[in-house]
Amino acid sequence: MRISLGKPFSGFYQEIEPRIVLFGLDATGKSSIMHKLKTGQVLTINMPTIGFDVESIKYKDSTLSFWEMGGQQLDSTDRDRIEEAKDFLNMVIDEIHGSVPDNVAVLVYGNKHQVPGAMSASEISNKLDLTSLRNKNWQRNWHVQSSCAFCGDGLHEGLDWLLKNAESI
(Lines give C-alpha, C1' and ligand atoms only; values in the text may rest on other atoms or scores of the structure.)
Protein backbone atom coordinates (compact mmCIF):
# COMPACT_ATOMS: atom_id res chain seq x y z
CA MET A 1 0.00 0.00 0.00
CA ARG A 2 1.31 3.41 -0.93
CA ILE A 3 0.35 6.62 0.87
CA SER A 4 0.73 9.93 -0.91
CA LEU A 5 0.65 13.07 1.16
CA GLY A 6 1.83 15.31 -1.68
CA LYS A 7 -1.48 16.52 -3.07
CA PRO A 8 -3.24 17.63 0.15
CA PHE A 9 -0.14 19.43 1.42
CA SER A 10 1.22 20.81 -1.86
CA GLY A 11 -0.12 24.32 -1.17
CA PHE A 12 1.87 24.57 2.06
CA TYR A 13 5.18 24.36 0.26
CA GLN A 14 4.40 26.13 -2.98
CA GLU A 15 6.66 29.10 -3.57
CA ILE A 16 4.78 32.29 -4.41
CA GLU A 17 6.35 34.64 -6.94
CA PRO A 18 6.66 38.16 -5.56
CA ARG A 19 4.65 40.48 -7.81
CA ILE A 20 6.23 43.71 -8.97
CA VAL A 21 4.11 46.32 -10.70
CA LEU A 22 6.18 48.49 -13.04
CA PHE A 23 4.42 51.69 -14.02
CA GLY A 24 5.34 55.22 -15.00
CA LEU A 25 5.21 57.85 -17.71
CA ASP A 26 5.47 56.71 -21.33
CA ALA A 27 8.84 56.36 -23.10
CA THR A 28 10.86 56.09 -19.90
CA GLY A 29 12.28 52.59 -20.24
CA LYS A 30 9.91 50.20 -18.45
CA SER A 31 10.06 47.59 -21.25
CA SER A 32 13.81 48.11 -21.55
CA ILE A 33 14.27 47.50 -17.82
CA MET A 34 12.20 44.29 -17.93
CA HIS A 35 14.01 43.04 -21.04
CA LYS A 36 17.47 43.79 -19.60
CA LEU A 37 16.62 42.03 -16.33
CA LYS A 38 15.16 38.99 -18.11
CA THR A 39 17.71 38.48 -20.90
CA GLY A 40 20.70 40.64 -20.03
CA GLN A 41 20.38 42.11 -23.52
CA VAL A 42 19.53 45.63 -24.68
CA LEU A 43 16.03 45.99 -26.14
CA THR A 44 16.67 47.11 -29.73
CA ILE A 45 13.10 47.54 -30.95
CA ASN A 46 10.76 49.28 -28.58
CA MET A 47 7.06 49.85 -29.02
CA PRO A 48 4.72 51.37 -26.46
CA THR A 49 3.09 48.84 -24.16
CA ILE A 50 -0.66 48.74 -24.67
CA GLY A 51 -2.49 47.61 -21.55
CA PHE A 52 -0.02 45.49 -19.60
CA ASP A 53 2.69 42.89 -20.05
CA VAL A 54 3.56 40.13 -17.57
CA GLU A 55 7.00 38.49 -17.37
CA SER A 56 8.50 36.03 -14.89
CA ILE A 57 12.13 36.89 -14.27
CA LYS A 58 14.66 34.76 -12.39
CA TYR A 59 16.80 36.89 -10.11
CA LYS A 60 19.24 35.26 -7.70
CA ASP A 61 17.21 32.68 -5.76
CA SER A 62 13.84 34.25 -6.59
CA THR A 63 11.40 34.23 -9.46
CA LEU A 64 9.75 37.62 -9.74
CA SER A 65 6.52 38.30 -11.59
CA PHE A 66 6.78 41.72 -13.30
CA TRP A 67 3.57 43.42 -14.38
CA GLU A 68 4.34 46.32 -16.70
CA MET A 69 1.57 48.87 -16.98
CA GLY A 70 1.67 50.84 -20.21
CA GLY A 71 1.59 54.58 -20.38
CA GLN A 72 3.27 56.09 -17.30
CA GLN A 73 6.68 56.33 -15.52
CA LEU A 74 9.52 58.68 -14.72
CA ASP A 75 12.89 58.92 -16.32
CA SER A 76 15.49 61.06 -14.68
CA THR A 77 15.91 63.35 -17.71
CA ASP A 78 12.26 64.41 -17.93
CA ARG A 79 12.20 67.50 -15.74
CA ASP A 80 9.15 68.90 -17.55
CA ARG A 81 7.01 65.92 -16.56
CA ILE A 82 8.15 65.36 -12.98
CA GLU A 83 5.00 67.08 -11.66
CA GLU A 84 2.87 64.79 -13.85
CA ALA A 85 4.75 61.79 -12.42
CA LYS A 86 4.15 63.08 -8.88
CA ASP A 87 0.43 63.50 -9.55
CA PHE A 88 0.23 60.03 -11.06
CA LEU A 89 2.06 58.45 -8.11
CA ASN A 90 -0.29 60.18 -5.66
CA MET A 91 -3.31 59.01 -7.69
CA VAL A 92 -2.06 55.41 -7.56
CA ILE A 93 -1.42 55.65 -3.82
CA ASP A 94 -4.91 57.03 -3.23
CA GLU A 95 -6.39 54.28 -5.42
CA ILE A 96 -4.63 51.37 -3.67
CA HIS A 97 -4.95 52.73 -0.14
CA GLY A 98 -6.66 50.09 1.97
CA SER A 99 -6.49 47.35 -0.67
CA VAL A 100 -2.82 46.39 -0.27
CA PRO A 101 -0.83 45.96 2.94
CA ASP A 102 0.50 49.22 4.38
CA ASN A 103 4.06 47.89 4.42
CA VAL A 104 4.48 47.10 0.69
CA ALA A 105 7.87 48.32 -0.51
CA VAL A 106 8.02 50.86 -3.36
CA LEU A 107 11.04 51.20 -5.65
CA VAL A 108 11.36 54.16 -8.02
CA TYR A 109 13.84 53.64 -10.84
CA GLY A 110 15.26 56.97 -12.05
CA ASN A 111 16.08 55.56 -15.48
CA LYS A 112 18.46 57.14 -18.01
CA HIS A 113 20.71 58.51 -15.25
CA GLN A 114 23.68 58.43 -17.64
CA VAL A 115 22.20 61.24 -19.77
CA PRO A 116 23.82 64.64 -19.06
CA GLY A 117 21.55 66.78 -16.90
CA ALA A 118 19.58 63.83 -15.50
CA MET A 119 18.12 64.27 -12.03
CA SER A 120 19.85 62.51 -9.14
CA ALA A 121 18.00 60.03 -6.94
CA SER A 122 17.72 62.62 -4.16
CA GLU A 123 16.38 65.26 -6.57
CA ILE A 124 13.75 62.80 -7.84
CA SER A 125 12.81 61.98 -4.25
CA ASN A 126 12.43 65.68 -3.44
CA LYS A 127 10.48 66.53 -6.61
CA LEU A 128 8.12 63.57 -6.09
CA ASP A 129 7.83 64.75 -2.45
CA LEU A 130 8.11 61.16 -1.24
CA THR A 131 8.64 62.15 2.40
CA SER A 132 5.19 63.81 2.46
CA LEU A 133 3.59 60.43 1.81
CA ARG A 134 3.89 59.75 5.53
CA ASN A 135 1.28 62.51 6.04
CA LYS A 136 -1.21 60.36 4.14
CA ASN A 137 -0.71 57.50 6.63
CA TRP A 138 1.27 55.76 3.94
CA GLN A 139 3.79 53.68 5.87
CA ARG A 140 5.51 51.92 2.98
CA ASN A 141 9.27 51.84 2.59
CA TRP A 142 10.39 53.61 -0.56
CA HIS A 143 13.68 53.98 -2.38
CA VAL A 144 14.81 55.88 -5.48
CA GLN A 145 17.46 54.02 -7.50
CA SER A 146 19.33 55.72 -10.34
CA SER A 147 19.43 53.33 -13.28
CA CYS A 148 20.24 52.75 -16.93
CA ALA A 149 18.23 50.06 -18.75
CA PHE A 150 20.76 49.94 -21.60
CA CYS A 151 23.88 49.13 -19.58
CA GLY A 152 22.12 47.71 -16.51
CA ASP A 153 23.46 50.24 -13.98
CA GLY A 154 21.36 50.28 -10.82
CA LEU A 155 18.86 47.60 -11.92
CA HIS A 156 20.24 44.85 -9.68
CA GLU A 157 20.83 47.24 -6.78
CA GLY A 158 17.17 48.27 -6.98
CA LEU A 159 15.98 44.65 -7.02
CA ASP A 160 18.26 43.81 -4.09
CA TRP A 161 16.71 46.66 -2.09
CA LEU A 162 13.21 45.57 -3.11
CA LEU A 163 13.75 41.91 -2.16
CA LYS A 164 15.35 42.86 1.16
CA ASN A 165 12.43 45.13 2.02
CA ALA A 166 9.83 42.69 0.71
CA GLU A 167 11.17 40.07 3.17
CA SER A 168 10.16 42.30 6.08
CA ILE A 169 6.50 42.24 5.03
Side-chain angles (χ1 to χ4, degrees), residues 10-78 81-82 85-86 88-89 91-93 95-97 99-115 118-122 124-125 128 130 133 138-169:
S10 64
F12 291 121
Y13 303 105
Q14 191 172 24
E15 190 173 320
I16 298 172
E17 290 183 357
R19 291 184 204 131
I20 298 169
V21 178
L22 189 59
F23 66 87
L25 300 176
D26 57 306
T28 55
K30 296 177 300 298
S31 296
S32 296
I33 288 171
M34 277 187 18
H35 187 78
K36 183 71 170 182
L37 288 170
K38 184 170 185 160
T39 68
Q41 303 294 314
V42 173
L43 184 63
T44 55
I45 300 172
N46 197 5
M47 297 180 61
T49 302
I50 307 298
F52 66 92
D53 183 24
V54 179
E55 295 280 350
S56 287
I57 297 174
K58 285 289 280 176
Y59 181 69
K60 295 189 176 179
D61 294 333
S62 300
T63 300
L64 309 172
S65 179
F66 277 80
W67 293 61
E68 178 192 356
M69 308 299 287
Q72 312 81 33
Q73 190 183 339
L74 173 65
D75 84 44
S76 60
T77 65
D78 206 346
R81 296 180 69 196
I82 189 82
K86 177 183 172 185
F88 182 77
L89 178 62
M91 181 193 72
V92 169
I93 290 165
E95 185 70 28
I96 66 171
H97 185 70
S99 53
V100 296
D102 286 338
N103 59 347
V104 171
V106 175
L107 170 65
V108 176
Y109 276 122
N111 196 32
K112 304 180 184 178
H113 79 100
Q114 80 286 4
V115 175
M119 291 179 275
S120 66
S122 62
I124 290 169
S125 175
L128 291 177
L130 293 175
L133 296 176
W138 198 72
Q139 301 303 314
R140 293 167 176 83
N141 288 330
W142 54 265
H143 174 68
V144 179
Q145 177 65 54
S146 295
S147 64
C148 173
F150 290 116
C151 66
D153 286 353
L155 299 182
H156 293 257
E157 292 84 350
L159 283 183
D160 289 342
W161 178 88
L162 193 61
L163 288 173
K164 178 182 171 202
N165 284 276
E167 288 173 359
S168 64
I169 293 174

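Please read these numbers as outputs of a predicted model, since none were measured by experiment.
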With sequence neighbours left out, what residues match Thr77 under side chain to side chain donor-acceptor pair (under 3.5 Å)?
Asp75
Can you confirm whether Tyr109 sits close enough to Ile124 that some side-chain heavy atom of one is under 4.5 Å from a side-chain heavy atom of the other?
no
Just so I know, are the side chains of Asn165 and Leu107 near enough to count as touching, which here means a heavy-atom distance under 4.5 Å?
no
Nearest-0.5 Å distance, NZ of residue Lys60 to CG of residue Asp160:
3.5 Å
NZ/Lys58 to OG1/Thr63 distance, rounded to the nearest 0.5 angstrom?
3.5 Å
Donor-acceptor contacts, no H, no angles, side chain residues 145-154, under 3.5 Å, sequence neighbours left out:
residue : atom : partner : partner atom : Å
Gln145  : OE1  : His143  : NE2          : 3.2
Ser147  : OG   : Asn111  : OD1          : 3.4

By the salt bridge (Lys or Arg N to Asp or Glu O under 4.0 Å) test, which pairs, at least two apart or in different chains, include something from residues 32-44?
Lys38-Glu55
Between Lys112 and Asp78, is the closest basic N to carboxylate O distance under 4.0 Å?
no
